[in-house]
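Chain A is the first sequence line, chain B the second, and so forth, proteins listed ahead of strands; every chain is numbered from 1. Reckoned from all heavy atoms, side chains included, excluding hydrogens, waters and symmetry mates.
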There are 2 protein chains.
Amino acid sequence: MNVTGGKRGRITIHDVAAAAGVSISTASKALNETGRMSAETRERVKRIAGEVGFRPNALARGLLSKRSFTIGLLTNDTYGRFTLPVMAGISEALLDHGVSVFLCAIEDDPALGQIHVDAMLEKQVDGIIATGKRLDRQLPIDLSDLPVPVVYAFTEGTSTSVTFRSDDAQGARLAVEWLVKMGRRRIAHVTGPESFFSVRERADAYRDVIGGEGLVMFGHWAELWGHEAVADIWNKESERPDAIFCGNDQIARGVVDALRERGLRVPDDVSVVGFDNWEIVAGQTRPPLTSVDMELKELGRQAGLTVLALAEGRPVDPGVRKLPCRLVVRQSCGAQNPRR
Amino acid sequence: MNVTGGKRGRITIHDVAAAAGVSISTASKALNETGRMSAETRERVKRIAGEVGFRPNALARGLLSKRSFTIGLLTNDTYGRFTLPVMAGISEALLDHGVSVFLCAIEDDPALGQIHVDAMLEKQVDGIIATGKRLDRQLPIDLSDLPVPVVYAFTEGTSTSVTFRSDDAQGARLAVEWLVKMGRRRIAHVTGPESFFSVRERADAYRDVIGGEGLVMFGHWAELWGHEAVADIWNKESERPDAIFCGNDQIARGVVDALRERGLRVPDDVSVVGFDNWEIVAGQTRPPLTSVDMELKELGRQAGLTVLALAEGRPVDPGVRKLPCRLVVRQSCGAQNPRR
DNA sequence: CTGAAAGCGCTTACAG
DNA sequence: CTGAAAGCGCTTACAG
């Protein structure tokens with residue numbers, strides 16, 4: 001015995017029409033609520049279609065309508081950390097419109113990207129969303145001259161396109177202002193590599209809020225760097241911070257662990273804020289991290305609705321749209337509720 | 001100014017045929033390497049198709065061939081921890097065959113699942129792969145009577161279907177045998193909830209290898225539980241383990257941190273092994289975790305090739321296929337290389 | 001060696 | 001109120 005696949009004799013609109021004793025055109029119009037016919041006929045056709053389990057063939061439909069109700073999501077974020085929430089937002093927004101999403105992970109391989117783009121175009125996607133893992137890098141493939149609309153989300157787009165990104169400056173401000181509100185006065189900033197645009201943007205916002213140079217330490221996106229930074233700071237003679245704003249949650253976790261290992265209490269002695277609100281890290285840190293959430297799902301939702309608009313020919317203004325971040329308060333700052 | 005989308009005047013085979021001065025049939029045959037014609041004609045058509053940037057419409061093709069070169073991946077693993085590697089394997093295996101993948105995250109919502117399945121069937125997917133986050137649970141939707149082949153990966157399937165899963169018993173054996181080989185004699189097992197099939201299977205394999213009851217502690221899948229378990233063990237009078245085999249990497253991370261906080265050295269005093277080889281956890285633990293990898297990418301690859309076979313009508317034996325796990329050695333056990 | 005015709009499953013003017 | 005016909009873009013017997 002073995003399993004068999006294949007699509008043996010699917011039911012078509014022919015079968016429905018025959019069973020209902022009407023022509024194919026009438027059946028089509030009945031099912032699509034178009035044309036005019038007796039309510040009785042319409043109902044009968046619809047009932048029979050339901051009974052025989054009729055499912056319209058989207059390929060045939062798409063051939064006529066020039067719409068496949070399909071879009072492609074291109075990403076070079078293998079890890080899925082940014083792509084997954086974006087994808088969830090896109091999917092949620094487009095499901096109501098009957099649109100399905102092809103996910104294409106292209107790493108940083110231009111050839112792989114080209115293959116995926118070609119495959120999607122042949123499959124007549126209504127549009128493409130390009131997403132990545134940083135705001136100042138393009139995907140390794142040129143999407144600027146495609147026959148379908150392209151929207152960028154969390155990756156650098158072209159000047160004539162629509163690009164959605166998080167407002168990192170506003171997110172950083174949110175974090176630092178919160179620390180200030182918590183009564184912290186000596187706030188340090190431990191972050192990722194200065195080569196990242198978002199790192200510079202967040203650092204600038206940090207300096208802006210504290211109104212001075214502050215203490216900015218550039219490093220890399222890992223827990224280890226959090227440990228090293230804390231060691232550096234506490235091994236110096238200089239005045240110690242009572243709060244540390246970190247460039248991402250992994251660094252923040254390293255910082256929190258390092259502080260605890262030095263016998264310092266978080267948040268009592270030092271408050272810590274992370275960035276990304278990556279549940280797996282922020283939630284498992286002891287104490288759980290207060291962190292800036294980039295609202296990637298909302299970003300995905302808007303990107304999805306935007307490709308859809310473009311695919312339907314509705315006009316959309318090009319440019320970069322910055323979406324506000326949100327501060328998610330947990331225990332690492334010493335307060336439970338941002339509104340309190 | 002605004003961005004415009006839409007598919008204005010795509011090039012069809014008509015255009016190619018006209019430009020090459022041949023009929024549509026000849027153009028089609030030239031491009032598909034079928035039929036017979038002068039080499040000169042064939043070359044000319046192909047060259048012109050390339051020049052005008054002709055891309056065959058997969059919708060039209062699919063209508064004829066009953067193959068959409070599209071499959072659906074259904075998952076209830078929102079977090080993507082298991083789905084992402086599986087997806088990567090599927091995608092990699094099917095790309096060569098021109099197959100694209102619809103990703104559908106259905107949470108545990110049957111209604112959402114039904115909507116996605118209906119959408120995929122209308123779009124004439126050639127098959128569906130169902131994937132989840134545990135081996136002993138079905139997706140919240142019945143896939144047993146679909147007009148297309150369904151393959152299960154890392155989720156419970158039906159008796160007549162093909163199901164791919166990791167061999168958790170073998171994986172656990174690998175881990176415990178490795179600890180034994182490292183000279184460890186008092187190996188404990190700290191794991192997840194006993195209600196999970198894979199937890200029981202791993203625990204049984206653990207007992208098997210150590211040849212006795214051992215010390216099995218069921219809990220939950222979090223770092224905190226690792227801390228609690230270590231506290232429990234070390235607060236008792238009984239003999240302390242010199243190795244702990246953990247049910248997943250998060251527990252293992254908690255265990256490692258808890259041991260270090262007690263002044264115990266890992267791996268010198270206690271060796272620790274995790275399960276899942278989740279890079280973000282295993283790699284950031286100090287020291288990095290030796291962990292069991294379930295080879296989910298390979299699992300995805302095989303699942304992908306299997307739906308493809310079924311879609312093409314090739315016979316496949318039903319049943320559960322267990323794929324071997326692999327031990328990834330890092331520093332938490334005291335050795336660098338399993339072959340040494 | 002090349003092309004006219006039928007048809008995949010549907011929708012949409014158009015005619016009756 | 002209902003249906004015959006044309007057509008979306010392609011492929012595939014079949015005829016010449």
Side-chain angles (χ1 to χ4, degrees), chain A residues 6-46 48-49 52-70 98 121-126 147, chain B residues 6-46 48-49 52-70 98 121-126 147:
Chain A
K7 307 162 188 175
R8 58 258 156 181
R10 293 252 257 239
I11 292 138
T12 73
I13 199 166
H14 270 93
D15 305 315
V16 176
V22 297
S23 73
I24 292 176
S25 352
T26 301
S28 171
K29 279 174 283 193
L31 295 171
N32 292 304
E33 300 288 358
T34 58
R36 28 195 77 250
M37 71 194 65
S38 73
E40 192 276 324
T41 306
R42 199 182 288 280
E43 280 318 308
R44 185 161 39 87
V45 172
K46 286 162 80 174
I48 288 174
V52 300
F54 170 67
R55 242 186 268 275
N57 184 326
L59 265 38
R61 270 194 171 169
L63 202 51
L64 269 306
S65 66
K66 303 321 193 190
R67 288 268 276 118
S68 65
F69 289 90
T70 281
L121 291 177
E122 287 188 6
K123 278 157 191 156
Q124 311 297 119
V125 290
D126 296 329
Chain B
K7 306 163 188 173
R8 59 260 158 178
R10 293 253 257 240
I11 292 139
T12 73
I13 197 166
H14 270 90
D15 306 315
V16 176
V22 296
S23 71
I24 294 176
S25 354
T26 301
S28 171
K29 278 174 285 195
L31 295 171
N32 292 302
E33 299 289 357
T34 57
R36 33 192 74 253
M37 69 193 64
S38 72
E40 192 276 322
T41 305
R42 197 183 290 280
E43 280 318 307
R44 183 162 38 91
V45 172
K46 285 162 80 173
I48 289 173
V52 300
F54 171 67
R55 242 186 268 276
N57 185 324
L59 266 38
R61 267 195 176 169
L63 202 51
L64 269 307
S65 66
K66 303 324 192 187
R67 290 266 275 118
S68 65
F69 289 91
T70 280
L121 291 178
E122 288 188 4
K123 280 160 189 151
Q124 311 297 115
V125 290
D126 295 330

Enquirer: N32(A) side chain N/O closer than 4.0 Å to the phosphate oxygens (OP1, OP2) of dT11(C)?
Expert: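 The answer is yes; a side-chain N or O of N32(A) sits under 4.0 Å from OP1 or OP2.
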Enquirer: Taking atom P of dC8(D) as reference, at what distance in whole Å does atom CG of L59(B) sit?
Expert: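 So the CG-P distance, L59(B) to dC8(D), works out to 14 Å.
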Enquirer: Taking for each residue the nucleotide of DNA chain C bearing the nearest heavy atom, is the 5' side occupied by I24(A) or by S38(B)?
Expert: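 Taking each residue's closest nucleotide, the earlier one in sequence belongs to S38(B).
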Enquirer: Find which nucleotide of DNA chain C each of R61(A) and G21(B) is nearest to by heavy atoms, and output the residue with the more 5' nucleotide.
Expert: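 Result of the comparison: G21(B).
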Enquirer: Side chain of K29(B), base of dG3(C): donor and acceptor closer than 3.5 Å?
Expert: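 Side chain to base: pair found, below 3.5 Å.
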Enquirer: State which of dT11(D), dT12(C), dC10(C) makes the closest approach to the side chain of S28(B).
Expert: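 The listed nucleotide nearest to S28(B)'s side chain is dT11(D).
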Enquirer: I'd like to check K46(A) versus L31(A) (side-chain heavy atoms, cut-off strictly below 4.5 Å). Are they in contact?
Expert: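 Yes. Closest side-chain heavy atoms under 4.5 Å.
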Enquirer: Using whole Å, report how far CZ of R67(A) lies from P of dG9(C).
Expert: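 One finds 23 Å between P of dG9(C) and CZ of R67(A), rounded.
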Enquirer: What distance do L59(B) atom CG and S65(A) atom OG have between them, rounded to the nearest 0.5 Å?
Expert: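 Between L59(B) CG and S65(A) OG, I get 8.0 Å after rounding to 0.5 Å.
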Enquirer: Determine whether a donor-acceptor pair (one donor, one acceptor, N or O, separation below 3.5 Å) exists between the side chain of S23(A) and the base of dA4(D).
Expert: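 In this structure, the two groups form no donor-acceptor pair.
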Enquirer: Give the rounded distance in Å between these two atoms: CZ of R42(A) and C1' of dT2(D).
Expert: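 Rounded to the whole Å, the gap is 12 Å.
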Enquirer: Looking only at the side chain of L63(A) (C-beta and beyond, no hydrogens), which of the listed nucleotides dT2(D), dT2(C), dC8(D) gets closest?
Expert: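 Among the listed nucleotides, the one closest to the side chain of L63(A) is dC8(D).
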Enquirer: Nearest-Å distance, CD (E43(A)) to P (dT2(D))?
Expert: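 Distance, rounded to whole Å: 13 Å.
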Enquirer: Output the rounded distance in Å from CG (L64(A)) to C1' (dT11(C)).
Expert: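 Rounding to the nearest Å, CG of L64(A) and C1' of dT11(C) are 5 Å apart.
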Enquirer: Name the nucleic acid region contacted by T41(B), choosing base, sugar-phosphate or nothing; use a 4.0 angstrom heavy-atom cut-off, strictly under.
Expert: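 Sugar-phosphate contact only - T41(B) comes under 4.0 Å of backbone atoms but never of a base.
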Enquirer: Once Watson-Crick and G-U wobble pairs under 3.5 Å are found, how is DNA chain C written in dot-bracket notation, 5' to 3', with | for any base paired to another strand?
Expert: |||.||||||||.|||
Enquirer: Closer than 4.0 Å, any side-chain N/O of T12(B) to the OP1 or OP2 of dC8(D)?
Expert: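 No, no such contact exists.
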Enquirer: It should be established whether T26(B) places a side-chain nitrogen or oxygen under 4.0 Å from OP1 or OP2 of nucleotide dC1(C).
Expert: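 So the side-chain polar atoms of T26(B) never come under 4.0 Å of the phosphate oxygens OP1 or OP2 of dC1(C).
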Enquirer: Any non-hydrogen side-chain atom of Q124(A) less than 4.5 Å from a side-chain atom of N57(B)?
Expert: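 Side chain of Q124(A) against side chain of N57(B), heavy atoms only: contact under 4.5 Å found.
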Enquirer: Picking from dT12(C), dA5(C), dC10(C), which would you name as closest to the side chain of S25(A)?
Expert: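 So the side chain of S25(A) is nearest to dT12(C).
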Enquirer: Write down the distance between CZ (R10(A)) and P (dC10(C)), rounded to a whole number of angstrom.
Expert: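 One finds 10 Å between P of dC10(C) and CZ of R10(A), rounded.
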Enquirer: Looking at the side chain of V22(B), which of dG3(C), dC1(D), dG9(D) is the nearest nucleotide?
Expert: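 Within the option list, the nearest is dG3(C).
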Enquirer: Hey, could you give me the NZ/CZ distance between K123(A) and R55(B), rounded to the nearest 0.5 Å?
Expert: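 Output value for this atom pair is 12.5 Å.
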Enquirer: Distance check, rounded to the nearest 0.5 Å: F54(A) atom CZ versus E122(B) atom CD?
Expert: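 Interatomic distance, F54(A) CZ to E122(B) CD, rounded to 0.5 Å: 8.5 Å.
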Enquirer: Can you tell me the distance, in whole Å, between the CZ atom of R55(A) and the P atom of dC10(C)?
Expert: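 Distance check: R55(A) CZ to dC10(C) P gives 12 Å.
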Enquirer: Please round to the nearest 0.5 Å and tell me the distance separating atom CD1 of I13(A) and atom OG1 of T26(A).
Expert: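 Output value for this atom pair is 9.5 Å.
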Enquirer: Over all heavy atoms of both residues, which pair between V45(A) and A20(A) is shortest? Give the atoms and the distance, please.
Expert: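 Where V45(A) meets A20(A) most closely, the heavy atoms are CG2-CB, 4.1 Å.
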Enquirer: Expressed as a whole number of angstroms, how long is the span from N57(B):CG to dC10(C):C1'?
Expert: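 In whole Å, dC10(C) C1' and N57(B) CG are 14 Å from each other.
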Enquirer: Which distance, rounded to the nearest 0.5 Å, do you find between the CZ of R42(A) and the NZ of K29(A)?
Expert: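 Atom-to-atom, R42(A):CZ and K29(A):NZ are 9.5 Å apart.
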